[in-house]
There are 2 protein chains.
Amino acid sequence: MTKVNSITTFEEHLSKQYGEKGTSTRDKFETKAKAFTIGALLKDERLQAKLTQEQLANKIGAKKSYISRVENGKTDIQLSTLYKIFEVGLSKQITISIA
Amino acid sequence: MTKVNSITTFEEHLSKQYGEKGTSTRDKFETKAKAFTIGALLKDERLQAKLTQEQLANKIGAKKSYISRVENGKTDIQLSTLYKIFEVGLSKQITISIA
DNA sequence: ATCAAAGTTATCTAATAATGTAACTGTTTC
DNA sequence: GAAACAGTTACATTATTAGATAACTTTGAT
């Protein structure tokens, strides 16, 4: 058994895998990561509301396949979509704050 | 001088001008209103940072015309654009919260 | 193990955001 | 009021989301 002699920070990991901050590859990854985060948030809220993807989709006039894509961070959604899903679909209030 | 005998609430105003909640005309207006709100927020932050539209644009590899369109709510921006402008362009942290 | 429901993925089309360029309109300064 | 700077708008192109449909995969229940 060997001792771990280095800790790969998340930042290091990102740099190694996706290049320095500001590069296009890295930027693309970070965009995806954020879409993924929103997706996870959505999934969480949807499950709390005890809705299936299809039920949620119906509420906003969309298809279940679309909800799936959003939840899995496969699309860089528009602001209107964000509002539609959370406010219309889940009756939640969205707040965007800048700090 | 006459007494004001009715108050037109914002909700009433919206209904009269744009139809009931959930109609496509009303929805379109609300989408625009929100884009406009984000735009106002951006303008506010940009001015606080004492940047011109062109300086901000340069920071994120965009054109000043694009910043103008966002500030005036003429486009339904994508999440990645939101992050790019505020985080990269203005070094601000964006938080999206659901309540 | 089978069946049904839920979720994921692929493909196509249509709508629209992002981008580039350039002209036009204010606004400020001298 | 001319010049310089800042912001807005118009137009064309490209890239990508939104949306429909259908097939495929995973999961859960019996």
Side-chain angles (χ1 to χ4, degrees), chain A residues 22-25 27-90 94 96, chain B residues 22-25 27-90 94 96:
Chain A
T23 59
S24 121
T25 315
D27 283 353
K28 253 175 216 160
F29 169 76
E30 291 186 351
T31 293
K32 282 196 179 173
K34 270 158 184 166
F36 204 87
T37 300
I38 285 286
L41 186 59
L42 168 57
K43 183 167 194 172
D44 196 59
E45 293 285 344
R46 176 177 62 81
L47 291 177
Q48 262 184 268
K50 295 200 189 308
L51 292 174
T52 64
Q53 290 182 342
E54 193 164 26
Q55 290 170 327
L56 172 57
N58 288 339
K59 288 197 164 198
I60 61 169
K63 303 293 169 199
K64 63 177 186 168
S65 57
Y66 183 62
I67 302 296
S68 173
R69 273 177 290 173
V70 173
E71 285 190 357
N72 291 291
K74 306 235 155 132
T75 185
D76 181 13
I77 64 175
Q78 290 170 11
L79 271 192
S80 62
T81 305
L82 189 70
Y83 290 124
K84 197 162 51 174
I85 293 180
F86 285 98
E87 300 192 347
V88 179
L90 295 171
I94 287 190
I96 294 178
Chain B
T23 60
S24 123
T25 315
D27 283 354
K28 251 174 218 162
F29 168 76
E30 290 186 352
T31 293
K32 281 196 180 174
K34 270 156 183 168
F36 203 87
T37 300
I38 284 288
L41 186 59
L42 168 57
K43 183 166 193 171
D44 196 60
E45 293 285 343
R46 176 177 64 79
L47 292 177
Q48 261 183 267
K50 296 198 190 306
L51 292 174
T52 64
Q53 291 183 341
E54 190 163 27
Q55 289 171 327
L56 173 57
N58 288 338
K59 287 199 165 198
I60 61 168
K63 302 293 167 198
K64 62 178 186 168
S65 57
Y66 183 62
I67 302 296
S68 172
R69 273 175 287 173
V70 172
E71 285 190 355
N72 291 292
K74 307 234 156 131
T75 184
D76 180 13
I77 63 174
Q78 292 170 6
L79 272 191
S80 62
T81 305
L82 189 71
Y83 289 125
K84 198 161 50 173
I85 293 180
F86 285 99
E87 299 192 348
V88 179
L90 295 171
I94 287 189
I96 295 178

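So you know, we letter chains A, B, ... as the sequences are listed, proteins then strands, and number each from 1. Reckoned from all heavy atoms, side chains included, excluding hydrogens, waters and symmetry mates. These numbers were taken from a predicted model, which means no experiment stands behind them.
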### Query
Taking DNA chain C as the partner, which of residues 56-69 of chain B come within under 4.0 angstrom of it by heavy atom?
B:K63, B:S65, B:Y66, B:R69

### Query
Going by heavy atoms closer than 4.0 Å, what residues in residues 72-82 of chain B are next to DNA chain C?
B:T75, B:D76, B:I77, B:Q78, B:T81

### Query
So do the side chains of B:F86 and A:I96 get within less than 4.5 Å of each other, counting heavy atoms only?
no

### Task
Kindly indicate whether the side chain of B:I85, heavy atoms from C-beta on, has any atom under 4.5 Å from the side chain of B:T81.
yes

### Task
Working to the nearest 0.5 Å, report the span between CD1 of B:I67 and CG of B:L51.
10.0 Å

### Query
Measuring from B:I94:CD1 to B:L82:CG, what's the distance to the nearest 0.5 Å?
3.5 Å

### Query
Is the backbone N or O of A:S68 less than 3.5 Å from a side-chain atom of A:N72, with the two atoms forming a donor-acceptor pair by type?
yes

### Task
Give a yes or no on whether the backbone of B:K74 and the side-chain of B:R69 come within a donor-acceptor separation of less than 3.5 Å.
no

### Message
Among residues at least two apart in sequence or on other chains, which ones pass salt bridge (charged side-chain N to carboxylate O under 4.0 Å, His left out) with A:K34?
### Response
B:E87

Can you give me the closest heavy-atom contact between [X] and [Y], atom names plus distance?
| X | Y | answer |
| --- | --- | --- |
| B:L90 | B:L42 | CD1-CD1, 3.8 Å |
| A:K43 | A:E71 | CA-OE2, 3.5 Å |
| B:L79 | A:D76 | N-OD1, 3.5 Å |
| B:K64 | B:Q53 | O-OE1, 3.9 Å |

### Query
What parts of residues 38-54 of chain B reach DNA chain D, counting only heavy atoms under 4.0 Å away?
B:R46, B:T52, B:Q53

### Query
What are the 5'-most and 3'-most nucleotides of DNA chain C lying under 4.0 Å from any heavy atom of chain A?
C:dA6 to C:dA17

Would you give me the side-chain donor-acceptor pairs under 3.5 Å for residues 54-61 of chain B, sequence neighbours excluded?
| residue | atom | partner | partner atom | Å |
| --- | --- | --- | --- | --- |
| B:Q55 | OE1 | B:T52 | N | 2.8 |
| B:N58 | ND2 | B:E54 | O | 3.4 |

